Structures are given as C-alpha cells and as structure tokens.
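Sharing a structure with you now.
Keep in mind the model is a prediction, meaning the values are calculated, not measured.
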Amino acid sequence: MSPVNRRRWLATTAPRATLWIRIAAAAVFITEGVLKVSDPAVFAAGRFAKIGIPMPGVSGPFVTGVEVLGGVLLLLGLATRFAAIALAIDMVVALVSTKLPILVGHGVLGFAAATARPGFWSMLHEARTDISMLFATIFLSIVGAGAISLDARIAPKS
C-alpha cells in the first residue's frame with residue numbers, strides 16, 4: 001500500500017476521548033466473540049442455523065473471528081477504519097436477520113420468524129446494543145482511532 005493510501009486509512013484527527021468509544025465497542029465485540037467460541041451451538045453456528053443464516057458451519061466461525069479480531073483491533077487502535085467497517089457490516093447483518101423479523105412480526109428474506117413480541121418498540125428494545133454498535137463503528141470508520149492509538153503512531157506523516 002502506498003504511503004498516501006496508508007495515510008488515508010490510518011490518519012486521524014479525532015480527539016483523545018475517541019479512545020472511550022473504541023474501548024466500549026471493543027468490549028462488546030470481544031465478549032460476543034468469546035461467547036460464540038465458548039458455546040457455538042448456542043451463540044454461533046447453532047443460533048445461525050436457527051435464524052436462517054446461510055452455511056452456519058462456516059458463517060458462525062467467520063463472524064466469531066470478525067468480532068474477536070475486529071474488537072482487538074479497535075481496542076489497540078490498529079487498522080481501526082478497516083475493523084470498524086467489517087464490524088458495521090456484522091451489525092447490519094445482525095439487525096436484518098434478527099431484528100427486522102421482530103419489527104414486522106414474521107420471517108423476512110429467509111430469516112426465521114421473530115420470537116420476541118413483534119412491533120416497533122419491541123424491536124428497538126432488542127436492537128439497542130446492535131444499533132449502538134453500528135453507530136460506534138460508523139463513527140470510528142469516519143474519524144479513525146484518535147490520538148491515543150497505534151494508527152496515530154504508525155501513520156505516515158504528511
């Protein structure tokens with residue numbers, strides 16, 4: 001990668017306080033990934049099969065890796081924009097596959113019917129963490145890791 005492209009992905013003018021957003025998001029993603037490793041039948045492949053995510057034996061471990069690795073990268077502030085984009089995609093899939101059926105009250109796009117009480121408020125209640133993580137990852141993909149990060153230390157100077 002050329003220094004110009006690397007600078008674009010690593011450079012950040014975000015304030016030092018961005019560290020707190022990274023820590024909060026990393027904590028959620030890492031713990032969710034660890035849960036998927038600890039009991040795949042409940043939190044990964046088994047759950048993915050139940051809700052209709054294709055190829056759960058492949059997608060479960062893949063998502064687990066994205067969440068753990070992405071969370072660690074956020075925590076370190078390393079390749080933050082790349083990790084944040086991957087994790088934002090993870091959150092969009094989670095919202096569509098598990099929260100959209102709650103909103104409409106039936107299966108959608110091949111994903112299983114909702115088990116929670118259907119409707120707008122029920123969906124918002126179930127989706128609060130996913131929505132927060134989506135916004136946090138969008139924020140980090142825009143502003144970068146912030147001044148207290150490995151990205152800030154290794155970004156080529158202009």
Residue pairs, two or more places apart or on separate chains, that pass side-chain hydrogen bond (donor to acceptor under 3.5 Å, both in side chains) and touch residues 57-79: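 Sorted pair list: K36-E67.
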D90 versus E32: any side-chain heavy-atom pair under 4.5 Å?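 No, too far: nothing below the 4.5 Å cut-off.
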With the side chain counted from C-beta on, respond yes when P15 and T18 share a heavy-atom pair under 4.5 Å apart, and no when they do not.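 The answer is yes, as the side chains (C-beta and beyond) meet within the 4.5 Å cut-off.
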Would you mind reporting whether T80 and L73 have side-chain heavy atoms less than 4.5 Å apart?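 Counting from C-beta outward, L73 and T80 never come under 4.5 Å.
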Under 3.5 Å, is there a donor-acceptor pair between the side chain of S122 and the main chain of G119?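 Such a contact is absent between S122 side chain and G119 backbone.
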For a 4.5 angstrom cut-off between non-hydrogen side-chain atoms, does F120 reach L103?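 Yes. Closest side-chain heavy atoms under 4.5 Å.
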Ignoring hydrogens, what is the shortest heavy-atom contact between G105 and P118? Give both atom names and the distance.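 So the two residues come closest at CA-CB, 3.4 Å.
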What pair of heavy atoms forms the shortest contact from A25 to A136, and how long is it?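 Taking every non-hydrogen atom into account, CB-CB, 4.3 Å.
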Give the minimum heavy-atom separation between A84 and S141, together with the two atoms involved.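 So the two residues come closest at CB-N, 3.8 Å.
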In terms of hydrophobic clustering (I, L, V, M, F, W, Y; side-chain heavy atoms under 4.5 Å; direct or indirect links), are V34 and L76 co-clustered?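 V34 and L76: one cluster.
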Taking the side chain from R47 and the backbone from A41, do they hold a donor-acceptor pair closer than 3.5 Å?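 Checking the backbone N and O of A41 against the side chain of R47, no donor-acceptor pair under 3.5 Å is found.
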If hydrophobic clusters are built by linking Ile, Leu, Val, Met, Phe, Trp and Tyr wherever their side-chain heavy atoms come under 4.5 Å apart, do F43 and V63 end up in the same one?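 Unlinked, F43 and V63 end up in two clusters.
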Nearest-0.5 Å distance that lies between atom CD1 in I131 and atom NZ in K99: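 The distance works out to 9.0 Å.
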Shortest non-hydrogen contact from T12 toward A145: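 Smallest heavy-atom distance, with atoms named: OG1-N, 3.8 Å.
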CG/D130 to CG/L124 distance, rounded to the nearest 0.5 angstrom?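 Output value for this atom pair is 11.5 Å.
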What is the minimum heavy-atom distance between G144 and A14, and which atoms define it?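 Closest approach of G144 to A14: O-CB, 4.4 Å.
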For L74 and I30, run side chain to side chain contact (heavy atoms under 4.5 Å, CB included): C-alpha distance rounded to whole Å, both residues' side-chain angles, the deciding distance at 0.1 Å, then the answer. CA-CA 10 Å; L74 291 185; I30 292 169; over 6 Å; no
Consider only side-chain heavy atoms of I, L, V, M, F, W and Y, link residues closer than 4.5 Å, and tell whether M55 and V66 are in one cluster.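 No, because M55 and V66 fall into different hydrophobic clusters, even though each may have its own neighbours under 4.5 Å.
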Between V92 and F62, is there shared hydrophobic-cluster membership here, with clusters defined by ILVMFWY side-chain heavy atoms closer than 4.5 Å?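 Linked, V92 and F62 end up in one cluster.
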Atom CZ of F82 with >12 non-hydrogen neighbours under 6.0 angstrom: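 Not buried by this count: 12 neighbours or fewer within 6.0 Å.
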Grab the two heavy atoms, one from G70 and one from A83, that are nearest each other, plus how far apart they are.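 Closest heavy-atom pair between G70 and A83: O-CB, 3.9 Å.
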V37 reachable from L87 in the ILVMFWY side-chain graph, under 4.5 Å edges: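 Each belongs to a different hydrophobic cluster.
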For L140 and R22, run side chain to side chain contact (heavy atoms under 4.5 Å, CB included): C-alpha distance rounded to whole Å, both residues' side-chain angles, the deciding distance at 0.1 Å, then the answer. CA-CA 8 Å; L140 291 170; R22 291 192 357 248; 3.7 Å; yes
Is the shortest heavy-atom distance from the side chain of T137 to the side chain of I85 under 4.5 Å?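 Counting from C-beta outward, T137 and I85 never come under 4.5 Å.
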Nearest 0.5 Å, please: how far is OG1 in T98 from CZ in F48?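 Atom-to-atom, F48:CZ and T98:OG1 are 9.5 Å apart.
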Would you say the side chain of L100 lies within less than 4.5 Å of the side chain of L95, judging by non-hydrogen atoms?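 Side chain of L95 against side chain of L100, heavy atoms only: no contact under 4.5 Å found.
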Which value, rounded to the nearest 0.5 Å, describes the distance between I23 atom CD1 and W20 atom CH2?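 I23 CD1 to W20 CH2: 5.0 Å, rounded to 0.5 Å.
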